Amino acid sequence: MSGVNDVSGKAVKDFLAEAEEILDQLCADIGVLSESSEGGECDPDSLNSVFRGAHSLKGLAGMFGFNGIQDLSHNLENLLDSLRLGKVAIGPQVVVVLTDSLEALGIMIRNLGEGVSEKISVQSLLQRINDCVSGNEGVESDSLLSSLEIPRSMINALTEYEEHRLLENIKKSRNIFTVLASFSLATFDQDLAELTDQLKKNGEVISTLPSVGASIESSIDFEILFGSAKPMAEIVALVADGNVVVRQVNGQQVVIPTSATGNTVVAEDAYPEAAESDAVKPNAAAPADAGITAKSMSRTVRVDIGKLDDLMNIVGELVLSHSTISDIAEKMRKAGYSTMLAELLKAAKGLERKLNELQKGVMEIRMIPVGQLYEKMGRIVRKISKEQGKKVDLRVFGADTELDKLIMEDIADPLMHIIRNAIDHGIELPEERRGRGKDERGTIKLSSYQKGNHVVIEVEDDGRGIDVAKVKRKAIEKGLISPNDNLSDREAVELIFLPGFSTSETVSEISGRGVGMDVVKNNIAAVSGMVDVESVHGEGSRMTITLPITLAIIKALIISTAGRYYALPITSVLESIMIEPADILTVERKEVIQLRESTLPLLRLNRFFHLDGEAAGENVFVVVVGVADKRLGIVVDELLGQQDIVIKTLGPVFEGVRGVSGAADLGDQRTILVLDVGGIINEATKGGGQA
Amino acid sequence: MRRILVTDDSATMRSLLVATIEASGDYEVVEAASGFEALRLLPREKVDLIITDINMPDINGLELINYVRKSEQYRNTPLFIISTEGREKDVEKGLALGANEYLVKPIDPERLQALIREYVGADAE
């Protein structure tokens, strides 16, 4: 270039270093783009990041007079600009051109660095780039923007690209918000990053406009333009606090200019969800034109999960009231009050039927398809596999399986962690996979299905599997097992769930966050779920999460031991049997019985809870419980029958009590503890239950 | 000495600008590697001229200009945009927001030096 004639060696070195850095980032970003573009649409953020890379490279090369690089990156920038502005659609052909261009840039930069003067010809490449761009000039409609209640000053500060993203959001019928936030100057970057992270999970951050806060030395304000399919109330609930204010800037009606005549029409239901935000946006104008309806086409209502919880609690109380009525009727029958009794019983029966319907109805409202969760997982898989340089396909099955909203929320993090682990420890690098004769693209299969009263989620990968010998070695090193313990492979694999266990040799950014599989297991157990692992070394692993469909109201078997009553969730009860004390055998100091073809370990509940008093009866009741594929016989004194119960948590004080998942009201002023079957099975099978 | 803020996410670009601006010995450059860094520096460091790139990852040049022009302290501080060929629309917007000049990469050092003298003068004057 004209100005920097005296380009020093150091400056060129700086250029090369930065150019290579940009190129590496571009290659990674285009990898993500090509994967995500298979669905026809790609992530605007990564597209914009690729554009910025090409743009920076062009500017830099220009400063140094490296015309070849400047020329190619300039053409590349044009193509990327058209892509990000939606003028050109991304497709396989475009991806090939992008990849070829990066390769050519790589060669040019390398040649420069090595002092190779040989020029590579890029004429045909430039032609191909321009073929992609030409004939695709789109026209944006500017007046669409003026229909929004966005301050003109904000529109003025939008770049061409941001304006385009705003229009895209409007075209997709998203709600447009301005989020005003005020932060301290000292911490604004973290504060803002937290806020935008939250927002990005729920939509697209279009622009972030800073302005001087209350005092320039101490605070800074940001006005964020944000597009989301979610309604105002949800966004407010998500981010609003003393420092953050949310405003919706598009209403129910949007005026879209018709291209031919310039007349305007009221777009019918451009914002199906805007109806719900009426309360917070009273100035939404009434439909102006008769015959054109502003009525919402959407037949869905968004409800706060808290309201459903309240409703569910009321249903629960009603179920209990019904039990009381039935009890009274039963007592009346025994006491010989026969007049009107038949009618009372009939009425109680009718009430029970309707209650069941009500309970089922409320329960169904809480159910949402697990597919919503899987979408998030898809993004995580893309992100992590990119970070690790691995190629991973996520295949999803049974996305329409329904699960209680609250369980879904609680399962999101554990599931994410399992998937992270699968990529981090399971899936091998492409070269390694090729070496093992596997497809260089790894696969993670995420499937879910309903099994009785449970929902099963499986995460299966075709990676390197778990090395049982290594797991045993690690467990011995860490003192988790003794070298003399003769564990089967299956038992050994389960060691990964022990606290403090991790086989990873180097702590990576992904799995090294101090969250081990023990935490995953505990979090799943907190929603009465279980997690199992199966693995074939060299071929892959499968994690199976078994969850109850809902936590709200469950049927329970009421049992007693040593004069105390407990509830066992019926979903975990397989059968109840009566045995004679002589049927109980002792194997390796553990009590078992022979049940049909297999041996069933026993656990005496009174001993488990250290209660005094053994059953004196001749017969022993055994409740056979099972979660996933584990079985246990719980020895109790008495079976008192089934009842619907509403599980209430015990609160933080009793949170860690082993074997108990909550408490329930029996309807006659008696409160009993609900047993945590998964936890009890775990305690018993690891050998601590007999103490 | 007059102080000039240079905001650009490319380190190479910044060092070239610094070399050009500081060549005369009349000016001192304060560097910001991102829009955020500029937002942090501006209240602290009194500067006499702001030079900014438009394409930056956190907040872009236009957003920075908007901030500068709305602040009490920098409302009248001269501001130059650095851009590249093909980004004319964004440059126009920048000028409408109150930028005083724009320079297109590759930047001609003599023009940049002349513009700086024109807007902020030199200590000797």
Side-chain angles (χ1 to χ4, degrees), chain A residues 1-5 7-8 10-19 21-22 48-49 51-52 55-65 70 74 77-78 81 153-154 156-163 185-186 188-189 192-193 207-212 215-223, chain B residues 8-17 19-20 34-40 42-44 53-75 82-90 92-94 96-98 104-113:
Chain A
M1 85 155 237
S2 51
V4 194
N5 291 327
V7 183
S8 67
K10 171 163 185 320
V12 175
K13 269 193 197 128
D14 284 351
F15 165 80
L16 288 172
E18 192 167 336
E21 212 172 278
I22 293 173
N48 195 37
S49 155
F51 165 81
R52 261 206 329 272
H55 173 82
S56 303
L57 196 58
K58 173 185 92 168
L60 276 178
M63 291 298 287
F64 287 90
Q70 185 193 6
H74 173 64
E77 181 198 3
N78 275 349
D81 197 28
S153 64
M154 192 162 192
N156 286 346
L158 295 180
T159 60
E160 192 184 3
Y161 170 67
E162 290 169 335
E163 218 169 83
L185 196 61
F188 79 87
D189 39 356
L192 186 64
S207 170
T208 308
L209 194 62
S211 61
V212 177
S215 138
I216 189 167
E217 284 89 18
S218 61
S219 68
I220 185 159
D221 293 350
F222 288 93
E223 206 168 354
Chain B
D8 196 308
D9 55 332
S10 157
T12 315
M13 200 65 210
R14 282 199 310 278
S15 63
L16 286 175
L17 289 169
T20 308
S34 69
F36 276 180
E37 219 178 305
L39 291 182
R40 246 193 314 269
L42 280 171
R44 260 203 336 251
D53 187 21
I54 287 193
N55 260 281
M56 293 182 294
D58 44 18
I59 62 156
N60 61 51
L62 296 188
E63 289 158 347
L64 184 64
I65 299 171
N66 185 68
Y67 170 87
V68 165
R69 285 295 172 252
K70 281 189 174 165
S71 81
E72 202 67 38
Q73 195 176 338
Y74 292 110
R75 179 165 301 157
I82 292 193
S83 168
T84 55
E85 185 197 341
R87 310 256 59 81
E88 288 76 11
K89 278 195 184 168
D90 290 341
E92 273 170 36
K93 284 198 136 191
L97 283 172
V104 176
K105 292 180 211 172
I107 287 159
D108 175 354
E110 279 158 26
R111 173 153 185 266
L112 176 60
Q113 285 157 351

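Chain letters run A, B, ... following the sequence lines, proteins first and then strands; every chain starts at 1. Just so it is clear, the structure is predicted and the values come from calculations on it, not from any experiment.
Closest heavy-atom contact between B:Pro106 and A:Gly62: CB-O, 3.3 Å. Counting all heavy atoms, side chain and backbone alike, B:Asn60 lies closest to A:Glu162 at ND2-OE2, 2.9 Å. The heavy-atom pair separating A:Ile220 from B:Leu39 by the smallest distance is CD1-CD1, 3.6 Å. Closest non-hydrogen pair, B:Phe36 versus A:Leu192, comes out as CZ-CD2, 3.1 Å. Nearest heavy-atom pair across B:Glu63 and A:Ser207 is OE2-OG, 2.6 Å. Here the shortest heavy-atom pairing between A:Gly59 and B:Thr84 reads CA-CG2, 4.0 Å.
Within the 4.5 angstrom heavy-atom criterion, only side-chain atoms of A:Glu77, from C-beta onward, approach chain B. Contacts of B:Ala96 with chain A are absent, with no heavy-atom separation under 4.5 Å from either backbone or side chain. Using a 4.5 Å cut-off between heavy atoms, B:Asn55 contacts chain A through both its backbone and its side chain. Interface remark: B:Arg44 contributes no atoms to any contact with chain A (heavy atom separation under 4.5 Å). The part of B:Leu97 that comes within reach of chain A is its side chain, from C-beta onward, which places non-hydrogen atoms under 4.5 angstrom from that chain. Proximity to chain B is absent for every atom of A:Glu21, based on heavy atoms less than 4.5 angstrom apart.
The CG atom of A:Asp14 sits 13.0 Å away from the CE atom of B:Met13 when rounded to the nearest 0.5 Å. The OG atom of B:Ser10 sits 12.5 Å away from the CZ atom of A:Arg52 when rounded to the nearest 0.5 Å. We find the CG-CG distance between A:Leu60 and B:Leu16 to be 8.0 Å, quoted to the nearest 0.5 Å. Distance CG/B:Leu62 to CD/A:Glu160: 11.0 Å, rounded to 0.5 Å.
Residue B:Glu110 qualifies as open at atom CD: its count of foreign heavy atoms under 6.0 Å is 12 or below.
Across B:Pro57, B:Ser15, B:Ala11, the residue that shares the most heavy-atom pairs under 4.5 angstrom with chain A is B:Pro57. Put simply, of B:Leu112, B:Ile59, B:Asp53, the one with the most heavy-atom pairs under 4.5 Å next to chain A is B:Ile59.
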Problem set entry | CA sep, side-chain torsions, deciding dist, call: A:Phe64, B:Thr12, side-chain contact (heavy atoms from CB on, under 4.5 Å) | CA-CA 10 Å; A:Phe64 287 90; B:Thr12 315; 3.6 Å; yes
For this session: Evaluate the criterion side-chain contact (heavy atoms from CB on, under 4.5 Å) for residue pair A:Asp81 and B:Arg87; output intermediate values, then yes/no.
Result: CA-CA 10 Å; A:Asp81 197 28; B:Arg87 310 256 59 81; 2.6 Å; yes
Problem set entry | Step-by-step side-chain contact (heavy atoms from CB on, under 4.5 Å) determination, B:Glu37 to A:Asp189 | CA-CA 9 Å; B:Glu37 219 178 305; A:Asp189 39 356; over 6 Å; no
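Listed for the A:Asn156 side chain is no donor-acceptor partner under 3.5 Å among the backbone atoms of B:Lys93.
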